[in-house]
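It should be emphasised that the depicted structure is a prediction, and the values quoted were computed from it without experimental measurement.
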Amino acid sequence: MAGGPGSYVFGAEEKKELMDVIESGNLFRYGTPGVDGFQAKVATFEKEMAERLGHKHVVATSSGTGSLMCCLAALGIGMGDEVIVPGYTFIASIATIAMMNATPILAEVDDSLTIDPTKIEALITPKTKAIMPVHMLGNPCDMDAIMAIAKKHDLYVIEDCCQAVGASYKGKRVGTIGNMGAYSLNVFKTITTGDGGFVGTSDDTLYERAFGFHDQGHKPSRMGVEVGNRSMVGMNMRMNELAGAVALAQGRKLDGILETLRAKKKALKDQLQGIPGLGFRKINDAGECATLLTLLFDTQEMAAKFCEKAGTAPIANSGWHVYNNMEQILEKKMWTDNHPFHNCDAHYAKHMLPQTDDILLRAVNISVGVVDKGLGSGTGININSTDAEIAQVAKNIRAIIESL
């Protein structure tokens, strides 16, 4: 089946938490704990995930996209602002910036498939308000270099952790290094509620603003449906108790999932070492999620020949995560003529990021924990694969490459 590792370990724990909610009859995230059987699954998930990742505060949301919007809103990013974001990411990273009436500025990635820190400063203008590093495919960005640039130019840093829930960089969980972190619980992510997400921060003011934006402007202390003074105009991006129940059970499995993935990826990668013409993407920290093994061929031609025989595609041709394939921004057809994004100064065109294009044409994703054709990882192993299955996949990959 397609999905992330959380999908493959869904079981009795999730069912127990769900039945608690179903039997209580309270599906709304707010209520008084202990009254009428209210379970407070969302609030408990927020508390546990904050402690697990090292945030002071977590806000559960209805999606990773909503989480990104909450971060942008909390930081006051809007009309006239620019946010630097990599050209290899899910469309939500770019779209949320545009939907907040700010301008996405696309940046190159390096062979880690995350934003290239050496190419950021050339993109900074007086309008630049933030950098949005994306921990793509579970690989932490080079956060030391990014944070140094942000400090030098007085910029916010919003970590897009949607594909890297639980990853760490130099001992810190991703999302805790910048001002805020946005996470996804979509079916293809490390842990899942089908759809869902959360925001993390240790700044009290940013927490209050993110919470308010996700819940019609309400203060974080809200647990009932009382009417009071709201701090801002917000939206409804709340998580319900059913999703919260699953999130709670999945969150408790997170570190075990990561440990298993790292072991299985190592087993697969070790069996592919030493093949002429084949390398691997750069991993910025061993604390990566290990959800995918990215092969990096010496040439585009070799990658294309491998994909033809393996029945897959180079990352460049794999789907919506590549800016060249985002017709929404290339043609600006998702916005009306009077939307600020339609008339923004930024220019988006195919092949505007030559370094990114070259790397993605030489890169091929093999699934380890995330089985997703849209990422180009429709083939490989999954979190439940046996040693024998891993060995067979490695043997098949090696045989294809050696036959080229």
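- Ion pairing between a basic and an acidic side chain is recognised when a charged N comes within 4.0 Å of a carboxylate O; Lys219 and Glu208 show such pairing.
- Using a 4.0 Å cut-off between charged nitrogen and carboxylate oxygen, Asp255 and Arg173 count as a salt-bridge pair.
- The shortest distance between side-chain heavy atoms of Asp142 and Thr114 does not fall below 4.5 Å.
- Applying the salt bridge (Lys or Arg N to Asp or Glu O under 4.0 Å) test between Lys41 and each of Glu241, Glu48, Glu17, Glu14 identifies Glu17 as the sole match.
- The pair Lys56-Glu51 fails the salt-bridge criterion, with no side-chain N (NZ, NE, NH1 or NH2) lying under 4.0 Å from an Asp/Glu carboxylate O.
- The aromatic rings of Trp320 and Phe90 lie tilted to each other, with the angle between the two planes from 30° to 60°.
- Looking only at side-chain heavy atoms (C-beta outward), Val199 and Glu46 stay at 4.5 Å or farther from each other.
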Let's go through Arg238 and Asp215 carefully: what are the C-alpha distance in whole Å and the side-chain angles of both, what is the deciding distance for salt bridge (charged side-chain N to carboxylate O under 4.0 Å, His left out) to 0.1 Å, and is it a yes or a no?
CA-CA 6 Å; Arg238 296 186 300 262; Asp215 185 22; 2.7 Å; yes
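- Below 30°, between 30° and 60°, or above 60°: for His57 and Tyr207 the angle between ring planes is below 30°, a parallel geometry.
- For the pair Glu82 and Lys129, the salt-bridge criterion is not met [side-chain N within less than 4.0 Å of a carboxylate O].
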Applying side-chain contact (heavy atoms from CB on, under 4.5 Å), run through Val233 and Gln216 and close with a yes or a no.
CA-CA 6 Å; Val233 174; Gln216 311 290 13; over 6 Å; no
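- Counting heavy-atom neighbours within 6.0 Å of Lys282 NZ, excluding the residue itself, gives a total above 12.
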